[in-house]
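This report concerns only the one structure given below.
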Amino acid sequence: MKYISTRGQSPALSFSEILLGGLAPDGGLYLPESYPQFNDADLSAMREMNYRDLAFTILSRLIDEQDIPSKDLRVIVDKTYRADVYCYTRKGQNAEDITPTLKLENNLYLLSLSNGPTLAFKDMAMQLLGNLFEYVLAKKGETTNILGATSGDTGSAAEYAMRGKKGVSVFMLSPHQKMSRFQAAQMFSLQDKNIFNIAVKGVFDDAQDIVKAVSNDHEFKAANKIGAVNSINWARVAAQVVYYFKGYFAVTQSNSEKVSFAVPSGNFGNVCAGHIARMMGLPIDKLVVATNENDVLDEFFKTGVYRPRGSANTYHTSSPSMDISKASNFERFVFDLVGRDAAKVRELWASVDAGGAFDIKQAGLFDKVAEYGFVSGSSSHKHRMNIIREAEAKYGVVIDTHTADGLKVALEQRDINTPMLVLETALPAKFEDAIVEALGHAPERPAALEGIEALPQRFEVMDADVDAIKAYLVANT
Ligand SMILES: *Cc1c(COP(=O)(O)O)cnc(C)c1O
């Protein structure tokens, strides 16, 4: 299996060759040259598998034996998807399921993706990435220094995935005193020697700008082996494909049934994995893209116009991990939509990269979008507060703000005869203030994380100064 770029002007590479990088050299995103197919017999064989066997079965069709031998992949998968890692289950759920479901009512379920160490779905892929990085770096005799900026979820998931891993250091920039106390405590309480938290005096965009400036200094980047683990990383998307299969099997009896998934979306990474699962043969009816007030994706699926917005036009909402106005994985879907015509992708993104927009209707392709099962909707602060209250009153379940956006749009878009799985992308404990606002009481917090705010913290406060941060990196690598 080789990986090709959506822009068509980079050489095809293996899974482990693209593992540590980001964008392809031509500016595109990597995708498999063709999607492996799972037929009816395959699906039947997979139906009874546990999460680890399912993950191994799917990933071994995406990774060549000569690239990562299957006995090694087996070890990596087995040490990643463990009940003691994805342990923060709800009452009545079995941690062995890794991504258990929770029935809300007939044909309506939560698919719990947030039972991992940082209580958000990013742990599903990031934990695998940590083990893959360690393996591939050791094999190549290399090391990497991951540099990132976070407003909360991605940074903590990366740190918990990479802590203690040989050959990897993490330098994570966050806006000083702008994260929730819980999020800051999660990251800053890590005492691992390979984790460096830098609280930048400024807002998230200042931290992000520093990462961009360092990454654009190619000489510095090469000399200091600077890497990234951003949402366009192919291995993250590949890991996410697995839970669509797991969720499908959990709520169906036979492969003739279809199910729909509602996905709280920002960078389009999560729902892109759903699209790929569908392309591999999983019987998916609808993929429901749910956005918050930052509704660039909803606009596209309703009108055919993709018009990313700048960070100055991005709203700060109560589902902050979806506050994204440029969906970095969206190009992967559009590549399939245009029949994998890389020249067409280059043409569409020429206007996007110049700060403009494109209209898929003009290309005569809008009708095709529905053939891929996509529908969409958006949600607002008021909606999510109401939905959180309704879910508690009706189902006795407390959900977080992001999942609330998903449930809100799922209820609008569902066909009541088709099972609908709403992807639970964070646990409510992570966004305590919003839950208190909605319900008047704090959400339950996993017992092991009680009092996390009181643990000793290890972080460096620094000015938003590129040179100072570069000097800090050099001094600590
Ligand atoms: C990252 C994140 C999302 C958005 O996922 P994408 O893959 O960027 O679309 C939604 N909810 C939560 C809680 C997240 O952390």
Side-chain angles (χ1 to χ4, degrees), residues 29 88 110-127 129 148-161 174 179-180 182-183 186-187 204 229-241 243-244 261-277 287-298 300-301 308 314 317-333 374 376 378-379 384 388 399-410 422-432 434-435 443:
L29 280 71
Y88 300 119
L110 288 185
L111 178 61
S112 297
L113 306 179
S114 307
N115 298 346
T118 73
L119 314 187
F121 92 98
K122 295 195 170 64
D123 291 328
M124 291 308 306
M126 208 72 92
Q127 289 286 319
L129 207 62
T150 189
S151 53
D153 283 354
T154 308
S156 57
E159 291 187 354
Y160 279 76
S174 57
M179 290 190 292
S180 76
F182 179 81
Q183 283 179 317
Q186 266 191 319
M187 291 175 57
F204 170 71
V229 290
N230 38 34
S231 83
I232 57 161
N233 182 289
W234 164 251
R236 284 181 64 184
V237 177
Q240 291 166 185
V241 170
Y243 52 70
Y244 284 86
F261 293 92
V263 188
S265 293
N267 266 322
F268 204 76
N270 197 352
V271 75
C272 185
H275 161 68
I276 291 167
L287 286 166
V288 182
V289 178
T291 73
N292 64 16
E293 290 89 333
N294 297 292
D295 56 0
V296 170
L297 288 168
D298 186 34
F300 172 79
F301 287 107
T314 304
T317 75
S318 46
S319 43
S321 301
M322 292 156 62
D323 291 349
I324 289 158
S325 296
K326 195 171 192 170
S328 54
N329 278 288
F330 185 56
E331 187 171 330
R332 287 193 159 110
F333 165 63
F374 280 103
S376 71
S378 69
S379 173
R384 73 184 69 92
I388 291 169
I399 55 172
D400 99 291
T401 49
H402 307 77
T403 309
D405 292 335
L407 180 57
K408 186 260 182 188
V409 181
V422 179
L423 274 50
E424 178 169 57
T425 55
L427 286 188
K430 203 155 187 183
F431 299 96
E432 230 168 64
I435 303 301

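Numbering of ligands and ligand atoms starts at 1, following listing order. All heavy atoms count here, side chains included; hydrogens, waters and symmetry mates do not.
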Sub-3.5 Å pairs, protein N or O with ligand 1 N or O:
{"residue": "ligand 1", "atom": "7 (O)", "partner": "Gly269", "partner atom": "N", "Å": "3.2"}
{"residue": "ligand 1", "atom": "7 (O)", "partner": "Asn270", "partner atom": "N", "Å": "2.9"}
{"residue": "ligand 1", "atom": "8 (O)", "partner": "Asn267", "partner atom": "N", "Å": "2.7"}
{"residue": "ligand 1", "atom": "9 (O)", "partner": "Gly266", "partner atom": "N", "Å": "2.8"}
{"residue": "ligand 1", "atom": "9 (O)", "partner": "Asn267", "partner atom": "N", "Å": "3.2"}
{"residue": "ligand 1", "atom": "9 (O)", "partner": "Phe268", "partner atom": "N", "Å": "3.0"}
{"residue": "ligand 1", "atom": "11 (N)", "partner": "Thr425", "partner atom": "OG1", "Å": "2.9"}
{"residue": "ligand 1", "atom": "15 (O)", "partner": "Lys122", "partner atom": "NZ", "Å": "2.6"}
{"residue": "ligand 1", "atom": "15 (O)", "partner": "Asp153", "partner atom": "OD2", "Å": "2.6"}

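Partners of Ser378 according to the side chain to side chain contact (heavy atoms under 4.5 Å, CB included) rule, which considers only residues two or more places apart in sequence or in another chain, are Thr291, Asp295, Asp298. Remark: Glu159 engages no residue in a salt bridge (Lys or Arg N to Asp or Glu O under 4.0 Å) (not counting sequence neighbours). In this structure Ala327 satisfies the side chain to side chain contact (heavy atoms under 4.5 Å, CB included) test together with Phe268, Leu297, Tyr306, Phe330, sequence neighbours excluded.
For the pair Asp153 (side chain) and Ser321 (backbone), a donor-acceptor distance under 3.5 Å is absent.
If you check the side chains of Asn267 and Asn329, you find no donor sitting under 3.5 Å from an acceptor. Of the N and O atoms on the side chains of Thr314 and Ser325, at least one donor lies less than 3.5 Å from an acceptor on the other residue.
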